[in-house]
Amino acid sequence: MKLKTILTIALAACVGAGVTSCEDMLRVDSKTVMYDYENTLDDPTDSVYSVLGIIKKMQTIADRTVILGEIRGDLVAVSDHASEDLRDLYNYDFKSIKSTNKYDQALDYYAIINNCNFFLNQVDTTFTRNQQHSIMKGEYIVVLCYRAWAYLQLAQIYGEVPYFDKPITGDVASSLNKLNIKELAQTLLLDFQGKEKNFIEYMDKYGPNYGKLGGEDLGGGQKTTEHESRELFVPIRLILGDLCLWAEDYAHAAIYYHDFLAGDDRAQTTSLSCITWLTDDFLYFGDDTYVSNIFGKSGYICYIPMEADEYSGTVSDLRNIYNSTEDNYYWYQLTRSRALTATSVRQNYCYHSKIDGSRYQFPAYMENKEDESILLRRGDLRLQSVLETDYIIFDDEDINAGMYGSEYQTLNKINSEKIWLYRKDVVYLRLAEALNRCGLPQTAFAILKSGLCKANIDSLSQGEKLRARNIDGVDISEVYNYSTTKFEKAQPTWYNTSFSSGTGTTTAYVMEWNTGNTFGIHSRGCGDASFDTLYTIGNKLSEMSAAGNLLGNALVDSMRAVEEYLIDEMALETCFEGYRFGDLMRIAQHRGADIGGDFENDFLARRVATRETAVLNDKVDYYRDMDMDLYTKLLGDGKSLNKSWFLVLPDEK
């Protein structure tokens, strides 16, 4: 059966349960009754169809969640052929956005939330049918996670949002409270409080599995995309980690992320996929395993499934937004910003090689990073791996008054039938974020530089290890208990290789990592970061000192130094994927406590205001040229949640 067919039936089942129009749900005078309260979900078939119906609802917000997470950040820019809807968002004049803007439709998020509320309030979790465990408890937990995820996205887009946990009716619509994202996270955690362990154990043992969806035979050896149903569910440990991170409960966030990554039966090592130069003269690339492995099946954790064509249902338009295609006459709409290019160029690609069999060169660094002729091959290599650019030369008869774009762009991260919600490296980066704010900057930085393996854990300071034993009453020292069989340090071996150059065949000794282990995320595109003597907390502190950005507390300054590296690593690793504005906002929130406020608005404002002006060199003042009007708007009072960051809900326009 087609995925489309299953989801359509599921949606029909939800409608049959009493769903009506969502278009008025946020109006305080709404008398719309959303559900028939006499209908109870007390049959496993009903619960399956209802869960799949919620997934179908999530298809409507998949693209916009990615777009709204990027276009308000610092990593993308609009092209001359961007739609008016995209331009309005990029310009940050949110109160003037037209009601027809297809990305500014808060009600679609509330449609998901309301369907979740109906399910959670009506499902019979005591139903067993000759089983020793509740059959529908798994769906209950899955939907609880969906609702939490949808609320977090809504709050990142609209700031303070109405909260309700019952199916909305005219009786409650006028009394909805608005919560900011920290308050919302704290409230959503109450849904799990006291039951987290039970829920997690249940999902590990009995989590729902509907088998494979899709995969219909189309003939000629072709099939529709097959989806593993379990990959459509948000893992409970990850949503709990995110809720704790936003709620500033950093110790529990670290525990949840670590437990997901290092569980005995589900260890998620970083893998060694990367893109490297083959030789230290920076002329020839080695194997590029980054795109194929990281964005293939082994890299993602869960996603929203999309349809292959409009005939089958909701399709993703991200390919036509980011890529040059025949459908858009090669006119892509969003591309890399100057800030993203600058962040990539600023990185030091560290290469160390065995030159002649008798001596080592430690380390070598790429030079000429300011050569704008081949910017994507300067510094970090991930950007050139995921974003292909070229020029198209048309025959005269193909050109029709400039109908076709001549600059060609392809973003290799896009999978139009799978919009990722989580992937492994995102979880590692959030683990680093949580550990850092636990007061463990060395541990957090190890995830970026060399990997959380036993050898590197052993090298941490004793003071850092002691702090891990009691952070806000939580012992998180278990983050150091990595199994040596799963997280041992990847060991390099040397091998002799030959490659062809313009003048003949050259032989070089290069390094190869053993597979199956873990290494620093920064090595994905920056060579062997563990040998990089420039990539240290101390060097970042020196930069901050020169810029007058130290606060005078050694531990807090070290944490802030790691966050400077971390936000760059998030850009290099997750650009275009929809996480960026949330990452900027969340770290600005963490840093608010350092300056006696709720947020350090300058952290977000400075980066977004330099998206078009960032400096392409290694000078300390990366942000010397800014859009001052935009900076002022995003700075606000400097210490509290700024409404200018967010789109405006319908009842506030």
Side-chain angles (χ1 to χ4, degrees), residues 63-94 97 101 103-104 317-325 328-347 372-376 378-380 382-391 405-414 567-568 570-585 604-617 622-631 633-634 644-645 647:
D63 277 9
R64 79 185 62 163
T65 299
V66 174
I67 296 299
L68 291 170
E70 292 297 336
I71 203 164
R72 294 177 299 148
D74 57 333
L75 306 182
V76 304
V78 292
S79 74
D80 292 340
H81 285 75
S83 68
E84 182 181 0
D85 286 353
L86 291 173
R87 287 188 169 279
D88 287 345
L89 294 170
Y90 187 76
N91 291 334
Y92 261 92
D93 190 12
F94 298 143
I97 288 179
N101 189 300
Y103 303 106
D104 182 15
D317 197 39
L318 291 180
R319 189 174 297 279
N320 284 322
I321 290 172
Y322 281 125
N323 289 357
S324 301
T325 70
N328 62 23
Y329 298 99
Y330 307 119
W331 297 110
Y332 55 83
Q333 299 182 65
L334 294 181
T335 187
R336 71 186 192 276
S337 68
R338 187 172 175 86
L340 175 56
T341 306
T343 301
S344 183
V345 167
R346 280 203 308 267
Q347 307 311 307
E372 296 201 24
S373 62
I374 48 173
L375 278 177
L376 295 185
R378 300 299 179 190
D380 190 278
R382 279 170 284 191
L383 186 55
Q384 79 90 35
S385 179
V386 302
L387 193 69
E388 297 179 15
T389 60
D390 204 348
Y391 290 92
S406 59
E407 295 184 23
Y408 192 88
Q409 173 176 290
T410 299
L411 179 61
N412 292 322
K413 286 186 173 186
I414 292 177
I567 200 64
D568 281 354
M570 288 171 166
L572 298 167
E573 180 59 34
T574 70
C575 55
F576 308 113
E577 296 177 47
Y579 305 114
R580 187 57 174 181
F581 188 83
D583 291 342
L584 289 170
M585 178 181 167
L604 181 150
R606 187 173 295 272
R607 284 166 174 78
V608 177
T610 53
R611 59 191 179 180
E612 297 178 353
T613 60
V615 178
L616 298 177
N617 61 28
Y622 306 137
Y623 313 111
R624 65 175 181 234
D625 299 319
M626 290 193 291
D627 179 338
M628 291 307 300
D629 289 339
L630 181 57
Y631 175 76
K633 174 184 281 191
L634 298 179
S644 296
W645 295 354
L647 278 65

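Keep in mind that this is a model prediction, so the values were computed, not measured. Start at 1 with the first residue, then count along the sequence.
Closest heavy-atom contact between Asn323 and Asn328: O-ND2, 2.7 Å. Contact record, Leu68 with Phe581: O-CB, 4.4 Å, taken as the closest heavy-atom pair. Heavy-atom minimum distance, Leu340 versus Cys575: CD2-CB, 3.9 Å. Residues Leu376 and Leu387 come closest through the heavy atom pair CD1-O, 3.7 Å. The two residues Glu612 and Tyr90 come nearest to each other via the heavy atoms OE2-OH, 2.8 Å. Counting all heavy atoms, side chain and backbone alike, Thr325 lies closest to Arg319 at CG2-O, 4.0 Å.
Using a 30° and 60° split on the angle between ring planes, Tyr322 and Phe576 fall in the perpendicular class, above 60°.
Two residues are said to be in side-chain contact when any heavy atoms from C-beta on lie closer than 4.5 Å; Ile321 and Leu86 meet this criterion. Within the 4.5 Å cutoff, the side chain of Val608 has no heavy atoms near those of the Asp627 side chain. Residues Asp568 and Gln347 have side chains in contact (heavy-atom distance under 4.5 Å, counting atoms from C-beta outward). With contacts defined as side-chain heavy-atom distances shorter than 4.5 Å, the pair Thr610/Asp625 does not qualify. Residues Leu334 and Ile67 are in side-chain contact: their nearest non-hydrogen atoms beyond the backbone lie under 4.5 Å apart.
Of the possible polar contacts, none joining the Arg338 side chain to the Leu75 backbone as a donor-acceptor pair under 3.5 Å is found. Between the Thr410 side chain and the Glu388 main chain, no donor and acceptor come within less than 3.5 Å of each other. A distance-only check finds a donor-acceptor pair linking the side chain of Ser324 to the backbone of Gln409 [under 3.5 Å]. Within the 3.5 Å criterion, the main-chain N or O of Arg382 finds a donor-acceptor partner in the side chain of Asp380. Arg346 contributes no side-chain N or O that, together with a main-chain N or O of Gly379, makes up a donor-acceptor pair within less than 3.5 Å. In terms of modelled atom types and a separation under 3.5 Å, the side chain of Asp63 and the main chain of Asp317 share a donor-acceptor contact.
Every residue meeting the side chain to side chain contact (heavy atoms under 4.5 Å, CB included) condition with Thr341, not counting sequence neighbours, appears here in chain and number order: Arg336, Val345, Leu375, Leu616. With sequence neighbours left out, Lys413 forms a salt bridge (Lys or Arg N to Asp or Glu O under 4.0 Å) with Glu577.
Here CG of Leu89 is found 10.5 Å from CD of Glu84. Values are rounded to the nearest 0.5 Å. Leu634 CG to Leu604 CG: the interatomic distance, rounded to the nearest 0.5 Å, is 6.5 Å.
The ring of Phe94 has its center closer than 6.0 angstrom to the ring center of Tyr92.
When the options Arg580, Arg607, Arg611 are evaluated for a side chain to side chain donor-acceptor pair (under 3.5 Å) with Asp74, the one that passes is Arg580.
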